[in-house]
Chemist: 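Please see the structure below; I have some questions.
So you know, we letter chains A, B, ... as the sequences are listed, proteins then strands, and number each from 1.
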Amino acid sequence: MLQTAGADSVVYKQFYDQLVPVTALPWLIFTIVKMLVVFTVIMVGVAMLTLAERKISAWIQDRIGPNRTGYGGLLQPAADGLKNIMKEETYPDAAYTPLFILAPMLSFIPALITFAVIPFAAPLSTRWGLVEMSVADLPIGFLYILAISSLGVYGIVLAGWSSNNKYSLLGGLRSSAQMVSYEISMGMAAVAVLLLSGNVSLNAIVHQQQAMGWNVFPLLIGFFIFCVAAFAETNRLPFDLPEAESELIAGYHTEYSAMKFSMFFIAEYSNMVTASALMVTLFFGGWDIPGTQWDNLPPWTFLKFALTLGFFFAKLLFFLFLYMWIRWTLPRFRYDQLMSLGWKFMLPLALAYIVITGGAILVLDMLQVPRSVQWFGISPFWAALGVLNVVLAVLVFVILDRGRIISPAYSRLSPIQIARLRAMSAGRSLAASQGD
Amino acid sequence: MAIQVKVLARPVADASYVRAMLSGMALTFKHMMNPHKKTEQYPDVKWALSPRWRGTHRMLTDETGKAKCVACGLCPQICPANCIKLVPGEDEEGNRYPLVYEIDEFRCIFCGYCQEVCPEEAIHVGRHYENSEYSREGFVYDLERLTSQTHPVSELWDPADPKGE
């Protein structure tokens, strides 16, 4: 199943030998239960995230945040939801109504169905067989995510277009450009993970990390690219150009009100959840409990299921917190900075990184560096790739730090540029004096 | 005269995004962890007002419950915002009293001159600030409303310390 040699695959073998999945009717029932549970958890989680966002923003700004509804403001999401349902739905005269109604759903649905393939806990042994803890254990998990996550842009673009409003349209256009640009880097960065695991199934990626160590160290640059691209994909600050309040009122959802507006909001937050879950799964070991092998092996008891689920949630919450922390720290990029970061920096870096990672894996395999854990609980393969990545990361950050790519307006000019500016100013003053 | 464009050489430290970002993140994290939030839990915990606070007016009454006002007309005279309306009346014994005494709290600038000028120590500004009404008319306080206020009155100066030392 995996192209790893000899002793390295012991863990995988043990795992897959045990695999007697549930079939027929129990499978159907389990799947439906998982669907309902995951859907409910995400929707409640999204509601709680809106509260968390307001609380964290308040703490960062030395305020207290909502605390009047319920204990510590815990009922605030319920109050907000109630308000959104009671509010009037407005339909602008100039809007194209069918798409105007369809657009919020189009952005909402892909955000939710992406989560279907993410394994969120260790499998559970039941008397009907082994239950995988993802809604759909697709063998092509990652490709499915790439396919679905790009659908989210339709909702935003159509919302912008069908509103028939210049600000909405600009927001929609920006978001399409932004999401298309960053999706490429995102996919490219993930290719490095696939190279290392040799499989596109998310479960296999988790098992590979359990055997070898988390991917965040050996694929540090890949994680960096993926993380930045994930922020851009979810339209969160510092990449929230599609809604850019100061320029575009509210961007693509300017014309929306009540529950339809709320659906864009829910879509944004469920996108955050999914992107965080992806980062956890691809780079932070998924539901792996760090430092033990106990959780990687059968028997698949309920305790193991609960603990791994807890660890998955802890990692997920860390990334969601990171989203919010960054949102309330960094200002928005200028549009040209966004585009040059995406096309001039992230894409070439991601492409070069595939070549480097592929080459490094090839060389390490040729040298027969073992992938499995050897000394001090560290895999030599993992460590070697990690050291290479740290060196690369230092280089990348030095380049990024020179202020050329995402420069503020005043970065150091080259002598040629200075000469050109001086010539321009001299020419202008000459013209002015002749005009007199 | 030629305009010279002065191009400054910016050190990398100034033009760097990564360093600025990291220091920003550190700053916001520090603020998030800071437990000393300055917010006052207003409706639950109220601010201690200064004894010299000049707020909602109050008309003091004598032992019989009548307003102390003798309708001398000094307060409408001194009022810079012209917010006091006074119509004097006189009873059989020749005592003057206000037939109409109204203060428009919307027009009032809470300078406290009415209290300073009052010879009978009748009208006072008070240590109170929570006024809200459903209509603008509600802010015109008549004599009955002014006498029924119970909040402490302002001490425009401390009698023991007249120079405010």
Chemist: For residues 389-398 of chain A, dump all side-chain donor-acceptor pairs below 3.5 Å to protein atoms at least two apart in sequence or in another chain.
Modeler:
| unit_1 | atom_1 | unit_2 | atom_2 | d |
| --- | --- | --- | --- | --- |
| A:Asn389 | OD1 | A:Leu220 | N | 3.2 |
| A:Asn389 | OD1 | A:Ile221 | N | 3.3 |
| A:Asn389 | OD1 | A:Tyr353 | OH | 2.5 |
| A:Asn389 | ND2 | A:Pro218 | O | 2.4 |
| A:Asn389 | ND2 | A:Tyr353 | OH | 3.4 |
| A:Asn389 | ND2 | A:Leu385 | O | 3.0 |

Chemist: Show me, pair by pair, the donor-acceptor contacts under 3.5 angstrom made by side chains of residues 94-101 of chain B, not counting sequence neighbours?
Modeler:
| unit_1 | atom_1 | unit_2 | atom_2 | d |
| --- | --- | --- | --- | --- |
| B:Arg96 | NE | B:Ala71 | O | 3.4 |
| B:Arg96 | NH2 | B:Ala71 | O | 2.7 |

Chemist: Among A:Trp325, A:Trp59, A:Trp328, which has the most heavy-atom pairs under 4.5 Å with chain B?
Modeler: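 Most heavy-atom pairs within the cutoff with chain B belong to A:Trp325.
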Chemist: Identify which part of A:Leu330 has an atom lying under 4.5 Å from any heavy atom of chain B, answering side chain, backbone, both or neither.
Modeler: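 It is the side chain, since no backbone atom gets that close.
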Chemist: Ignoring hydrogens and geometry, is there a side-chain-to-backbone donor-acceptor pair from A:Gln178 to A:Glu233 under 3.5 Å?
Modeler: no
Chemist: Cation-pi check, A:Arg236 to A:Tyr269: give yes when NZ or CZ is under 6.0 Å from the six-membered ring centre and within 45° of the ring axis, no otherwise.
Modeler: yes
Chemist: Do you know which of A:Asp62, A:Thr329, A:Asn67 has the most heavy-atom pairs under 4.5 Å to chain B?
Modeler: A:Asp62
